[in-house]
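In this text, all values refer to a predicted model and were calculated from it rather than measured experimentally. For the numbers below, each heavy atom of this structure counts, side chains included, while hydrogens, waters and symmetry mates do not. Position 1 is the first residue of the sequence, and the numbers go up from there.
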Amino acid sequence: MLLYRIYLNLRCKEARRDVADPYEMHSTLCRAFSPADTKCPTSSFLWRLEPETRKDGVPIVLIQSENIPDWSRIGVSDWLAELPKKPIDIKNKLHLTVNDLSTGLRYRYRLRANPSVKRNGKRQGLYKPQEQNAWLIRHGQSQGFELETVYRSQEQMLFGKRRTGNTVNVFSVLYDGILRVSEPKLFIDTITTGIGHGKSMGLGLLSVVPVG
């Protein structure tokens, strides 16, 4: 499981478009992770546009995948501000194996997600703070972790446009805090597959760092 950190060149119009439209960002990234004329599987990678930028204002994107991308397939020479560095092997770095991971381990986490429920056949965003917290608590209970702290920020509607011309609107929240592992196997699966809906819009990537 590889984690890439890439930097986008805002002098490139395609990069500016992708920063503004998460659906376009996913489409661009798909070219790096899928061969030409091959449909990009929704499970091939997770990604997140970080709220912070580099010191010079360059946008930062995190990408997690089992596959090695070919950045040349993006097809836009100046889309990247610099060539990506060697990825981090998350499983080795964080010892994410059932034998190494134990109940009670604490991590600092970050997650941009779509807190939502399905009502009358339609998915609806949860806008009240207590509902947003409860949504993440429920996911933790079923996905191998418990929350110690929850901080929410950047509550916003993400807008994208499909090739058909139809728009995509997804409500999102940035979660930060401390979690504790309750079921190692489930937790590893969650890190691998992400949380919630809207993964093509840059949602669902659960990033963790051990608390010393």
Do [X] and [Y] have side chains that get closer than 4.5 Å, going by heavy atoms?
| X | Y | result |
| --- | --- | --- |
| Asp70 | Arg31 | no |
| Glu14 | Ile74 | no |
| Leu10 | Val19 | yes |
| Leu49 | Pro59 | yes |
| Val76 | Cys12 | yes |
| Leu2 | Ile90 | no |
| Leu3 | Ile63 | no |
| Ile6 | Val58 | no |

For this session: Check step by step if ring pair (Phe, Tyr, Trp, His ring centres under 6.0 Å) holds for His26 and Phe33.
Result: CA-CA 10 Å; His26 184 261; Phe33 285 91; 9.6 Å; no

Honestly curious: do [X] and [Y] fall in one hydrophobic cluster under the side-chain, below-4.5 Å linking rule?
| X | Y | answer |
| --- | --- | --- |
| Tyr151 | Phe171 | no |
| Tyr127 | Leu111 | yes |
| Leu62 | Tyr7 | no |
| Leu206 | Val181 | yes |
| Leu83 | Ile68 | no |

Going from [atom1] on [X] to [atom2] on [Y], what distance comes out if it is rounded to the nearest 0.5 angstrom?
| X | Y | atom1 | atom2 | value |
| --- | --- | --- | --- | --- |
| Ile191 | Gln64 | CD1 | CD | 7.0 Å |
| Arg16 | Asn9 | CZ | CG | 9.0 Å |
| Leu147 | Gln141 | CG | CD | 9.0 Å |

For this session: Could you give me the CA-CA distance, side-chain angles and deciding distance for Leu203 and Leu158, then say whether side-chain contact (heavy atoms from CB on, under 4.5 Å) is met?
Result: CA-CA 10 Å; Leu203 306 178; Leu158 301 177; 3.8 Å; yes

Exercise. How far apart are the C-alpha atoms of Leu29 and Phe45, what are their side-chain angles, what is the distance that settles it, and do they pass the side-chain contact (heavy atoms from CB on, under 4.5 Å) test?
Worked result: CA-CA 9 Å; Leu29 291 172; Phe45 62 91; 3.6 Å; yes

Sub-3.5 Å donor-acceptor pair from the side chain of [X] to the main-chain atoms of [Y], do we have one?
| X | Y | answer |
| --- | --- | --- |
| Thr103 | Glu183 | no |
| Tyr175 | Asn133 | no |
| Gln156 | Ser172 | no |
| Asn114 | Ser116 | no |

Exercise. Members other than Leu186 in its cluster, when Ile, Leu, Val, Met, Phe, Trp, Tyr link by side-chain heavy atoms under 4.5 Å?
Worked result: none

Listed partners of [X] passing side chain to side chain contact (heavy atoms under 4.5 Å, CB included), at least two apart:
| X | answer |
| --- | --- |
| Asp21 | Tyr23, Glu24, Lys161 |
| Arg106 | Glu148, Ile178, Arg180, Val211 |
| Asp100 | His95, Thr97 |
| Gln143 | His139, Phe145, Thr190, Ile195 |

What closest approach, in Å, do [X] and [Y] show between heavy atoms, and which atom pair accounts for it?
| X | Y | answer |
| --- | --- | --- |
| Ile188 | Val98 | CD1-N, 3.6 Å |
| Ser65 | Ser44 | OG-O, 3.0 Å |
| Ala113 | Pro115 | O-CD, 3.1 Å |
| Ile60 | Thr53 | CD1-C, 3.7 Å |
| Arg138 | Leu126 | NH2-CD1, 4.4 Å |

Exercise. Can you name the residues that form a salt bridge (charged side-chain N to carboxylate O under 4.0 Å, His left out) with Lys185, not counting sequence neighbours?
Worked result: Asp189

Exercise. Listed by chain and number, what are the salt bridge (charged side-chain N to carboxylate O under 4.0 Å, His left out) partners of Arg152, not counting sequence neighbours?
Worked result: Glu155

Problem set entry | Inter- and intrachain pairs under salt bridge (charged side-chain N to carboxylate O under 4.0 Å, His left out), touching residues 50-69, at least two apart | Arg48-Glu50, Glu50-Arg110, Glu52-Arg110, Arg54-Asp56, Arg54-Glu82

For this session: With sequence neighbours excluded, give me every salt bridge (charged side-chain N to carboxylate O under 4.0 Å, His left out) pair touching residues 112-127.
Result: none

Could you give all pairs that pass the ring pair (Phe, Tyr, Trp, His ring centres under 6.0 Å) test and reach [range], with sequence neighbours left out?
| range | result |
| --- | --- |
| residues 66-90 | Tyr4-Trp71 |
| residues 100-124 | Tyr107-Phe187 |
| residues 189-212 | none |

For this session: Answer yes or no: are there more than 12 heavy-atom neighbours, outside Arg5 itself, under 6.0 Å from its atom CZ?
Result: no

